[in-house]
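Structure first, commentary second.
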Amino acid sequence: MLHYTASVVPFHLPDNTVLNTLMLYRFVHFVAGITWIGLLYFFNLVNVPFMKELDAATKGKVVPSLLPRALWWFRWGALVTVLSGIAYWMHLLATAARAAEVTLSSSIWSFFAVWTAVWALIFLLTCVLKINDGRLLGVLAALVVVAGCWVYLSLNNHGWENNHVLAIGLGGGMGWVMMLNVWGVIWRFQKKIIRWTRENANNGTPMPEQAKALARQVFLTSRTNAWLSLPMLFLMGAASHFPMFGM
């Protein structure tokens with residue numbers, strides 16, 4: 001006769017404060033990131049072609065109702081994703097720096113300096129020089145991002161930086177650029193377009209001449225973010241599962 005003995009799988013929550021904090025950072029980062037990038041893909045793959053099919057009257061009803069709600073989750077999802085990711089990355093950076101007995105100030109300032117400069121150059125191309133050809137803008141933006149990666153890696157090539165630190169430093173840097181695009185271009189311009197569309201629908205106020213130009217810049221910036229999300233997501237996965245850089 002066979003006898004079966006019931007067994008209980010051991011389960012316990014870690015009581016390590018640092019470990020729990022890091023798990024919280026990652027969980028918040030994942031949830032906020034899914035919200036943000038999911039809406040980014042919705043805007044680019046669904047909303048843009050859908051809006052092209054609407055007449056002015058229908059658009060006047062849809063835009064003021066849909067976009068403020070979607071953009072609320074979009075912009076705050078972007079901010080929470082980036083801040084929680086930076087908090088997690090800084091812990092990894094501090095751990096690697098302590099092991100090597102070095103200071104990490106240069107690693108932090110280089111991250112913000114390089115990637116903010118990358119964003120400023122893309123902003124210059126899109127909103128100051130107003131390059132309207134999406135293919136040309138895409139090529140130039142890609143060159144700027146590749147240059148940013150090269151500069152960042154060159155400034156953080158001391159031997160102690162591991163794959164986690166460098167892969168997230170690159171992918172997170174692209175996320176920083178994307179977040180600045182969300183708050184500095186997409187949301188700032190969309191607020192105006194939503195207001196003008198509402199006034200046009202409610203009062204018959206003509207759309208300003210600059211509305212079309214702003215809408216084009218929003219579209220190009222959003223499309224830039226969509227393309228940037230691909231290497232960003234790859235590098236986030238590579239940080240733990242595909243050693244490309246450092247030790």
Side-chain angles (χ1 to χ4, degrees), residues 33-53 63 67 70-71 74-75 77-79 81-82 85 110-155 166-193 210-239 242 244-245:
I34 290 169
T35 303
W36 175 25
I37 302 302
L39 283 168
L40 174 66
Y41 292 162
F42 164 76
F43 285 137
N44 279 273
L45 300 178
V46 178
N47 191 62
V48 168
F50 172 68
M51 286 296 175
K52 291 179 180 179
E53 299 175 358
V63 169
L67 288 189
L71 287 169
F74 183 65
R75 68 183 185 274
L79 184 64
T81 300
V82 170
S110 65
F111 175 89
F112 290 106
V114 169
W115 293 111
T116 302
V118 168
W119 172 77
L121 289 173
I122 293 175
F123 179 85
L124 175 70
L125 295 171
T126 308
C127 300
V128 179
L129 299 178
K130 299 180 181 179
I131 296 175
N132 211 33
D133 186 320
R135 288 168 295 186
L136 175 60
L137 178 63
V139 170
L140 294 176
L143 291 174
V144 170
V145 171
V146 169
C149 291
W150 182 83
V151 172
Y152 176 79
L153 290 174
S154 298
L155 293 174
L166 294 177
I168 297 177
L170 295 178
M174 294 176 197
W176 178 258
V177 172
M178 292 166 62
M179 188 268 292
L180 292 178
N181 275 338
V182 168
W183 284 89
V185 179
I186 297 173
W187 172 236
R188 190 159 61 92
F189 291 179
Q190 282 283 31
K191 281 191 296 184
K192 297 179 180 180
I193 295 170
Q210 67 185 115
K212 182 177 286 190
L214 289 187
R216 180 65 178 171
Q217 289 165 21
V218 166
F219 167 75
L220 291 172
T221 301
S222 183
R223 188 55 54 89
T224 299
N225 273 12
W227 283 112
L228 272 178
S229 73
L230 300 179
M232 179 197 72
L233 292 171
F234 175 82
L235 287 161
M236 293 297 99
F242 195 64
M244 301 166 60
F245 311 103

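Numbers for residues simply follow the sequence, beginning at 1.
- Here the side chain of Trp115 pairs no donor or acceptor atom with the backbone of Gly148 at under 3.5 angstrom.
- With sequence neighbours left out, Ser229 forms a side-chain hydrogen bond (donor to acceptor under 3.5 Å, both in side chains) with Tyr41.
- Taking the side chain as every heavy atom from C-beta outward, Ile122 and Val177 approach each other to under 4.5 Å.
- A heavy-atom distance below 4.5 Å is not found between the side chains of Lys191 and Leu71.
- Here the side chains of Leu67 and Asn47 are in contact, with some heavy-atom distance below 4.5 Å.
- Under the side-chain contact (heavy atoms from CB on, under 4.5 Å) criterion, Val48 pairs with Lys52, Phe219, sequence neighbours left out.
- Checked against side-chain contact (heavy atoms from CB on, under 4.5 Å), Val151 has the following partners two or more places apart in sequence or in another chain: Val114, Leu155.
- The nearest pair of heavy atoms linking Ala239 to Ile168 is CB-CG1, 3.6 Å.
- When the side-chain contact (heavy atoms from CB on, under 4.5 Å) test is applied to Ala238, the partners found at least two apart in sequence or on another chain are Phe234, Phe242, Met244.
- Counting heavy atoms from C-beta on, the side chains of Val182 and Trp36 come closer than 4.5 Å.
- Applying the ring pair (Phe, Tyr, Trp, His ring centres under 6.0 Å) test to residues at least two apart or on different chains, the pairs with a partner in residues 122-150 are Trp119-Phe123.
- Arg223 is linked by a side-chain hydrogen bond (donor to acceptor under 3.5 Å, both in side chains) to Asn44, counting only residues two or more places apart in sequence or in another chain.
- Here the CD1-CE distance, from Ile186 to Met178, works out to 8.5 Å after rounding to the nearest 0.5 Å.
- For Ser110, the side-chain hydrogen bond (donor to acceptor under 3.5 Å, both in side chains) partners are Asn156, not counting sequence neighbours.
- With sequence neighbours left out, the ring-ring contact (aromatic ring centres under 6.0 Å, His included) criterion links Phe43 to Phe74.
- Within a 6.0 Å sphere centred on CH2 of Trp227, heavy atoms belonging to other residues, nucleotides or ligands number 12 at most.
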Distance-only check: which donor-acceptor pairs under 3.5 Å involve side-chain atoms of residues 127-134, not counting sequence neighbours?
residue: Asn132; atom: OD1; partner: Arg216; partner atom: NE; Å: 3.2
residue: Asp133; atom: OD1; partner: Arg135; partner atom: N; Å: 2.9
residue: Asp133; atom: OD1; partner: Leu136; partner atom: N; Å: 3.2

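- Side-chain contact check for Val218 versus Lys192: every heavy-atom pair is 4.5 Å or farther apart.
- The shortest non-hydrogen separation linking Tyr152 to Phe111 is CE1-CA, 3.9 Å.
- Here Arg188 pairs with nothing under the side-chain hydrogen bond (donor to acceptor under 3.5 Å, both in side chains) rule; sequence neighbours left out.
- Under the side-chain contact (heavy atoms from CB on, under 4.5 Å) criterion, Leu153 pairs with Leu166, Leu170, Phe245, not counting sequence neighbours.
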